[in-house]
Trainee: 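Below is one structure. I have some questions about it.
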Amino acid sequence: MAWHARVLVIANVTANSPDLLAALKERADRGPIDVTLLMPATRNGFAGREEAQGRLDEALEGWREAGFEPSGIVGDPDPVVALHEAWDPRAYDEVIVSTLPGQSSKWLQYDLPHRVAQITGLDVRHVTSRERREPRTGPPPERERPALGPLTLRAPRNR
């Protein structure tokens with residue numbers, strides 16, 4: 001039986017992105033891998049973990065459809081804490097961190113890929129992914145309008 005590299009993937013909103021799946025396929029082309037997705041919860045408490053579990057299950061299903069046999073973990077809302085809780089150097093050989101691009105990524109604002117490398121002692125592959133969202137459908141949200149609409153009176157200014 002061939003040796004499988006054990007890859008830990010840290011992702012949240014980008015977990016189902018085509019960019020991340022392409023990176024996983026590229027890695028699998030170099031040799032067999034076992035992948036584990038670590039997805040931080042959206043917020044503290046049961047509701048945040050439950051929401052993350054739903055997104056994790058959806059992402060793992062997409063990975064299965066792409067030909068992987070993944071496992072998954074919902075972690076702490078702070079991705080560094082989640083990594084500390086999940087990290088075992090005997091369990092993983094490689095790490096991939098998937099983030100949104102540039103300024104839209106909170107994880108890049110505090111340099112998560114480098115922090116993960118410091119914690120794990122491994123070279124970390126950083127994948128920049130576009131967020132995958134379902135298109136909005138239906139009417140626009142209701143807006144509260146003033147009674148007089150654009151003719152709303154303003155209070156006089158003190159000059």
Side-chain angles (χ1 to χ4, degrees), residues 4-28 32-146:
H4 287 227
R6 299 157 304 175
V7 180
L8 177 65
V9 178
I10 305 170
N12 200 329
V13 295
T14 61
N16 251 345
S17 77
D19 301 301
L20 179 55
L21 284 173
L24 289 172
K25 287 178 183 178
E26 176 188 306
R27 175 55 191 89
I33 60 173
D34 292 326
V35 291
T36 300
L37 173 58
L38 172 58
M39 182 176 287
T42 53
R43 59 189 180 275
N44 287 318
F46 180 75
R49 288 191 176 272
E50 195 171 73
E51 182 182 324
Q53 186 64 54
R55 284 194 337 277
L56 176 71
D57 293 342
E58 180 184 325
L60 294 179
E61 183 58 35
W63 290 16
R64 285 184 196 99
E65 290 172 8
F68 297 100
E69 294 181 27
S71 59
I73 305 166
V74 171
D76 188 88
D78 181 327
V80 173
V81 174
L83 175 63
H84 276 289
E85 292 173 349
W87 181 247
D88 178 354
R90 297 166 297 175
Y92 304 106
D93 305 304
E94 302 175 26
V95 181
I96 296 173
V97 175
S98 176
T99 69
L100 292 169
Q103 294 300 316
S104 61
S105 173
K106 291 178 189 174
W107 289 4
L108 285 180
Q109 290 174 13
Y110 60 88
D111 203 18
L112 183 64
H114 290 106
R115 292 177 76 181
V116 170
Q118 289 174 334
I119 292 165
T120 64
L122 297 173
D123 289 332
V124 173
R125 178 166 182 192
H126 175 219
V127 175
T128 303
S129 302
R130 293 175 297 276
E131 184 174 6
R132 181 177 181 217
R133 289 194 174 182
E134 297 301 318
R136 293 185 101 179
T137 58
E142 290 292 320
R143 279 183 48 192
E144 189 175 314
R145 295 180 184 250

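Counting from 1, the numbers follow the sequence of the chain as shown.
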Trainee: For residues Leu21 and Ala66, report the shortest heavy-atom separation together with the two atoms involved.
Mentor: CD2-CB, 4.2 Å

Trainee: Determine the minimum heavy-atom distance between Ser129 and Pro101, stating which atoms define it.
Mentor: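 Between these two residues, the closest heavy atoms are O-CD, 3.2 Å.
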
Trainee: Keeping Ser105 on the side-chain end and Leu108 on the backbone end, is there a donor-acceptor pair under 3.5 Å?
Mentor: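 At least one qualifying donor-acceptor pair exists.
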
Trainee: For a quick test of reading the model, state the closest non-hydrogen atom pair linking Phe68 to Lys25 and the distance between them.
Mentor: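 Taking Phe68 first and Lys25 second, the nearest heavy atoms are CZ-N, 3.7 Å.
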
Trainee: Counting only heavy atoms not in Asp88 (residues, nucleotides, ligands), do more than 12 fall under 6.0 Å from its CG?
Mentor: yes

Trainee: Give a yes or no on whether a salt bridge exists between Glu58 and Arg55, defined as a side-chain N under 4.0 angstrom from a carboxylate O.
Mentor: no

Trainee: How far apart are the closest heavy atoms of Leu60 and Ser71, and which atoms are they?
Mentor: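 Leu60 and Ser71 have their closest heavy atoms at CD2-O, 3.6 Å.
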
Trainee: Check whether any side-chain heavy atom of Arg125 lies under 4.5 Å from a side-chain heavy atom of Val95, and answer yes or no.
Mentor: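 No, their side chains stay 4.5 Å or more apart.
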
Trainee: So which heavy atom on Ile119 is nearest to which on His84, and how close?
Mentor: CD1-NE2, 3.6 Å

Trainee: Heavy atoms only: give me the nearest Gln53-Val74 pair and the separation to one decimal.
Mentor: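 In terms of heavy atoms, the two residues are closest at OE1-CG2, 3.3 Å.
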
Trainee: Could you check whether any side-chain heavy atom of Arg43 comes within less than 4.5 Å of a side-chain heavy atom of Glu51, counting everything from C-beta outward?
Mentor: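 Touching, per the 4.5 Å side-chain cut-off.
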
Trainee: So, does Glu94 use its side chain to make a donor-acceptor pair with the main chain of Val124 at under 3.5 Å?
Mentor: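 Answer holds: no.
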
Trainee: Quick one: does Ile10's side chain get under 4.5 Å of Leu83's, heavy atoms only?
Mentor: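 Yes. Closest side-chain heavy atoms under 4.5 Å.
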
Trainee: Quick check: do Trp63 and Glu69 have side-chain heavy atoms less than 4.5 Å from each other?
Mentor: no

Trainee: Atom CG of Leu56 and atom CD of Glu61: how far apart are they, to the nearest 0.5 Å?
Mentor: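 Taking CG in Leu56 and CD in Glu61, the distance rounds to 11.5 Å.
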
Trainee: Between Asp34 and Arg6, does at least one N-O distance fall below 4.0 Å, as a salt bridge requires?
Mentor: no

Trainee: Measuring only between side-chain heavy atoms, which start at C-beta, is Thr120 closer than 4.5 Å to Trp87?
Mentor: yes

Trainee: Step by step, work out the side chain to side chain contact (heavy atoms under 4.5 Å, CB included) result for Val9 and Leu38.
Mentor: CA-CA 6 Å; Val9 178; Leu38 172 58; over 6 Å; no

Trainee: Determine whether Leu100 and Thr14 satisfy the following criterion, side chain to side chain contact (heavy atoms under 4.5 Å, CB included), listing intermediate values before the conclusion.
Mentor: CA-CA 7 Å; Leu100 292 169; Thr14 61; 3.7 Å; yes

Trainee: Applying the side-chain contact (heavy atoms from CB on, under 4.5 Å) test to Ile96, which of Val116, Leu8, Leu24, Val35 qualifies?
Mentor: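 Per the side-chain contact (heavy atoms from CB on, under 4.5 Å) rule, the option paired with Ile96 is Leu24, out of Val116, Leu8, Leu24, Val35.
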
Trainee: Is any side-chain heavy atom of Pro40 closer than 4.5 Å to a side-chain heavy atom of Trp107?
Mentor: yes

Trainee: From Gln109 CD over to Gln103 CD, what is the distance, rounded to the nearest 0.5 angstrom?
Mentor: 6.0 Å

Trainee: If you define the side chain from C-beta out and look only at heavy atoms, does anything of Ile33 sit under 4.5 Å from His4?
Mentor: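 Side-chain contact under 4.5 Å: no.
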
Trainee: Side chain to side chain contact (heavy atoms under 4.5 Å, CB included) for Leu37 and Ile73? Distances and angles first, verdict last.
Mentor: CA-CA 6 Å; Leu37 173 58; Ile73 305 166; over 6 Å; no

Trainee: Could you walk me through whether Thr128 and Asp19 pass the side chain to side chain contact (heavy atoms under 4.5 Å, CB included) check?
Mentor: CA-CA 7 Å; Thr128 303; Asp19 301 301; over 6 Å; no

Trainee: Are Tyr92 and Thr36 packed together at the side-chain level, in the sense that at least one heavy-atom pair is separated by less than 4.5 angstrom?
Mentor: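 Tyr92 vs Thr36: side chains touch.
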
